[in-house]
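Computed from a predicted structure; not experimentally measured. One is the number of the first residue; the rest follow in order along the sequence.
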Amino acid sequence: MKSSLAGPGEGPRPPYAPASGAQPYYAYAAQALAERYESLTFESVHGEILHLLPTAPVRVADIGAGTGRDAAALAGRGHEVLAVEPVRELRLVAQQLHADAPIAWLEDSLPGLERLEGRFGLLLLSAVWMHLDASQRTAAMRRLAGLLDPGGLLIISLRHGPPPADRTMFDVPADETAALARENGLDVLHLGGGQDQLGRDAIHWSELALRKAPA
């Protein structure tokens, strides 16, 4: 359920308000957004943290996997990838775009991730966290920490700037997210970010790499 391509003038405007949440927008705009999501590579979007990613194969969950760009890239690096996406329309687009990639798909959503089972060496939340309100973020971080293997890595990217008018979104401070991670036993390995790669002057991004202590 990625949102890196939302904003004024960047896609179709569905006839509903943020009170509908975020998922209706992504269902409505799935096809239009796919071109934009897939125009950016995993390496360009996550360049700051590539050196932190596991080199040996691990079990990965891409949570809010959108059109599957990142899931496919991680599968291509040899990882066992589970793509978690609540929006059926995005899953269908992703499964067409990345039909050759060895990705398993799961319909589930934050904060509870009730259907997600087992432990993971890597959890990725790219442009997802800002759809959760404060109470949801608290519950979600607790759940994510519990899903990590000892020594496992959690990557979260955050959008900053004016919230769009067509879905729920919050401008979540990176420092708040880092503090919440520490409260749940995660160490902050990286806190960086940069400008929007789609050229939107009013939007910038933060990216955090968080690690669970080894056993």
Side-chain angles (χ1 to χ4, degrees), residues 1-7 9-12 22 25-26 29-87 89-106 120-131 152-161 164 169 174 177 189-211:
M1 193 169 56
K2 302 181 189 306
S3 63
S4 59
L5 303 164
E10 296 157 14
Y25 172 83
Y26 293 103
Q31 289 288 348
L33 293 176
E35 291 184 18
R36 299 188 182 105
Y37 288 154
E38 300 292 326
S39 73
L40 301 174
T41 66
F42 173 82
E43 289 75 16
S44 65
V45 172
H46 301 290
E48 287 190 358
I49 54 84
L50 292 178
H51 67 288
L52 297 173
L53 296 178
T55 54
V58 298
R59 191 168 183 240
V60 175
D62 181 5
I63 298 171
T67 58
R69 177 199 65 206
D70 294 350
L74 290 165
R77 289 169 173 253
H79 300 297
E80 178 187 345
V81 179
L82 177 61
V84 182
E85 174 53 57
V87 178
E89 289 80 359
L90 285 176
R91 293 198 309 274
L92 291 175
V93 170
Q95 288 166 343
Q96 293 174 348
L97 289 173
H98 302 289
D100 295 334
I103 303 169
W105 285 86
L106 177 69
F120 297 85
L122 173 63
L123 298 174
L124 175 64
L125 283 77
S126 181
V128 173
W129 196 247
M130 59 276 195
H131 291 305
L153 191 67
L154 169 60
I155 304 296
I156 298 178
S157 67
L158 298 168
R159 177 194 188 276
H160 305 293
M169 189 180 291
T177 306
L189 300 184
H190 174 85
L191 199 170
Q195 296 302 307
D196 181 67
Q197 294 193 26
L198 293 172
R200 296 169 293 183
D201 292 338
I203 297 172
H204 66 282
W205 294 83
S206 297
E207 188 157 38
L208 296 90
L210 311 163
R211 175 162 289 160

Student: According to the side chain to side chain donor-acceptor pair (under 3.5 Å) rule, which pairs have a member within residues 92-101, sequence neighbours left out?
Tutor: Glu38-His98

Student: Are any non-hydrogen side-chain atoms of Leu208 and Leu158 less than 4.5 angstrom apart?
Tutor: yes

Student: So which heavy atom on Gly66 is nearest to which on Trp105, and how close?
Tutor: O-CH2, 3.9 Å

Student: Kindly compute the distance separating CZ (Arg91) from CD1 (Ile103), expressed to the nearest 0.5 Å.
Tutor: 13.5 Å

Student: Using the side-chain hydrogen bond (donor to acceptor under 3.5 Å, both in side chains) criterion, which residues pair with Glu89? Sequence neighbours excluded.
Tutor: none

Student: How close do Ser157 and Ser126 get, counting heavy atoms only, and between which atoms?
Tutor: OG-CA, 3.2 Å

Student: Who are the ring pair (Phe, Tyr, Trp, His ring centres under 6.0 Å) partners of His190, not counting sequence neighbours?
Tutor: none

Student: Could you list the residues that satisfy side-chain hydrogen bond (donor to acceptor under 3.5 Å, both in side chains) with His79, not counting sequence neighbours?
Tutor: none

Student: For Arg211, which residues count as a side chain to side chain contact (heavy atoms under 4.5 Å, CB included) partner, sequence neighbours excluded?
Tutor: Leu153, Leu189

Student: If I compare all heavy atoms of Ile49 with all of Ala209, which pair ends up nearest, and what's the gap?
Tutor: CG2-CB, 4.1 Å

Student: Please report the shortest heavy-atom distance between Arg69 and Phe42, naming the atom on each side.
Tutor: CD-N, 4.0 Å

Student: To check you understand the geometry: which heavy-atom pair defines the closest contact between Ala71 and Ala83, and what is its length?
Tutor: CB-CB, 4.1 Å

Student: So do the side chains of His46 and Leu53 get within less than 4.5 Å of each other, counting heavy atoms only?
Tutor: no

Student: Holding to side-chain hydrogen bond (donor to acceptor under 3.5 Å, both in side chains), I want the full list of residues that pass it with Ser206, two or more places apart in sequence or in another chain.
Tutor: His160

Student: Sort out for me which residue in Asp62, Ile156, Ile63, Val81 forms a side-chain contact (heavy atoms from CB on, under 4.5 Å) with Leu124.
Tutor: Asp62

Student: About how many Å separate CG of Leu50 and CD of Glu43, when rounded to the nearest 0.5 Å?
Tutor: 6.5 Å

Student: Under 4.5 Å between any side-chain heavy atoms of Ile155 and Glu48, yes or no?
Tutor: no

Student: Atom CG of Leu92 and atom CG of Leu97: how far apart are they, to the nearest 0.5 Å?
Tutor: 11.0 Å

Student: Please name the pair of heavy atoms, one in Leu122 and one in Pro54, separated by the smallest distance, quoted to 0.1 Å.
Tutor: CD2-CD, 4.4 Å

